[in-house]
Amino acid sequence: MPANPICVALDTPDLDRAVALARSLKPHAGYMKVGMEFFYAHGIQGYAEVAGVGLPIFLDLKLHDIPNTVASAMKSLMRLEPKPAIVNVHATGGLDMMKAAADAVAGQANLIAVTVLTSLSDDDIWAAGFETAKDTQTHARALAELSQRAGLDGVVCSPHDLTGIRHDLGRDFLTVVPGIRPADAATQDQKRVATPAEAMASGADILVVGRAITGSADPARAAQDILAGLHAG
Ligand code: C5P
């Protein structure tokens, strides 16, 4: 695990911009995150260019399908070179799907599960059919427990869910945490956010930061400022 917990979300469909961002942020980040927006535009070739910059990659494709399809897709992703350091599925895909994903990954990468998206509020999960869930935090804890039972290495969760998940699942379960906003930043489409220092204090291992860095006029400076704030804390 890199000592630097910042994982920069390279959310752009522009290959040159993604590679330029990765190069300029390499000294200030621990990971780069390649997500759907970039991967659907540039696929394996684009992935190889970003990964070639040299930081470990969190390939955030959030697979969610039947066990056989997810397992086959994971096997395809495990043929990428260099291999991603972290890949993920949605925990709501269920225990069997997560077990099948873990078998396919076979220890070649860290496999984590998205619990409750940071863009969802209590009302949002109830409206989406999870009426019996008490709230997002309880729902995230249950999904994290299911993920651990399936043999996964960790979860993606909101900073708001961290304390409960750490309490239930211990210090060794990897927590990758989006919804990170410096104190003065707009929340945009995220609903359950925290500052970098708050998330680390609640037990985050990796902080996923997108627009607060990539939308800045000086992304390298924005990443440095976040890191300096963490060290000061
Ligand atoms: O720009 P921002 O920092 O909000 O970007 C957050 C990133 O983390 C996005 O790439 C988004 O897809 C991802 N993500 C998230 N919430 C999750 C899982 C992933 O925001 N639960």
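Remember, it's 1-based here, ligands and their atoms both numbered in the order they're listed.
The aromatic rings of H90 and H64 sit tilted relative to each other, their planes meeting at an angle between 30° and 60°.
Taking atom 17 (C) of ligand 1 as the reference point, the nearest protein heavy-atom neighbour is P178 CG, 3.4 Å. Of all protein heavy atoms, the one lying nearest to atom 8 (O) of ligand 1 is V208 CG1, 3.5 Å. For atom 13 (C) of ligand 1, the nearest non-hydrogen atom of the protein is K33 NZ, 3.7 Å. For atom 6 (C) of ligand 1, the nearest protein heavy atom (residue, atom name, distance) is Q190 NE2, 3.6 Å. Scanning all protein heavy atoms for the shortest distance to atom 3 (O) of ligand 1 gives G210 N, 2.8 Å.
With a 4.0 Å heavy-atom cut-off, ligand 1 is reached by no atom of Q188. When heavy-atom distances to ligand 1 are checked against a 4.0 Å cut-off, D11 comes that close only through its side chain, counted from C-beta outward. With a 4.0 Å cut-off on non-hydrogen atoms, T118 touches ligand 1 through its backbone as well as its side chain.
Between V87 and M78, some side-chain heavy-atom pair lies under the 4.5 Å cut-off. Residues R171 and D205 meet the side-chain proximity criterion, which asks for heavy atoms closer than 4.5 Å.
Heavy-atom proximity to K62, at under 4.0 Å, picks out these atoms of ligand 1: 12 (O), 14 (N), 18 (C), 19 (C). Taking a cut-off of under 4.0 Å to the non-hydrogen atoms of A9, the atoms of ligand 1 that pass are 10 (O). Of all atoms in ligand 1, listed by their number and element, those nearer than 4.0 Å to a heavy atom of R211 are 1 (O), 2 (P), 3 (O), 4 (O). Atoms of ligand 1 lying under 4.0 Å from at least one heavy atom of V156, given by number and element, are 18 (C), 21 (N).
Note on ligand 1: M36 sits outside its first shell, no heavy atom being nearer than 4.0 Å.
If you check each of R181, H90, R192 against atom 4 (O) of ligand 1, the one with the closest non-hydrogen atom is R181.
Salt bridge R149/E145: present, at least one basic N to carboxylate O contact under 4.0 Å.
Ring centroids of H139 and F130 are separated by less than 6.0 Å, placing the two rings close together.
S121 and R192 share no donor-acceptor pair across their side chains, judged by distance under 3.5 Å alone. No side-chain N or O of D189 forms a donor-acceptor pair with one of S119 less than 3.5 Å apart.
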Exercise. Is there a salt bridge (charged side-chain N to carboxylate O under 4.0 Å, His left out) between R17 and D11 once you walk through the steps?
Worked result: CA-CA 10 Å; R17 179 168 159 70; D11 291 330; over 6 Å; no

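Looking at every heavy atom in both residues, D65 comes nearest to V70 through N-CG2, 3.4 Å.
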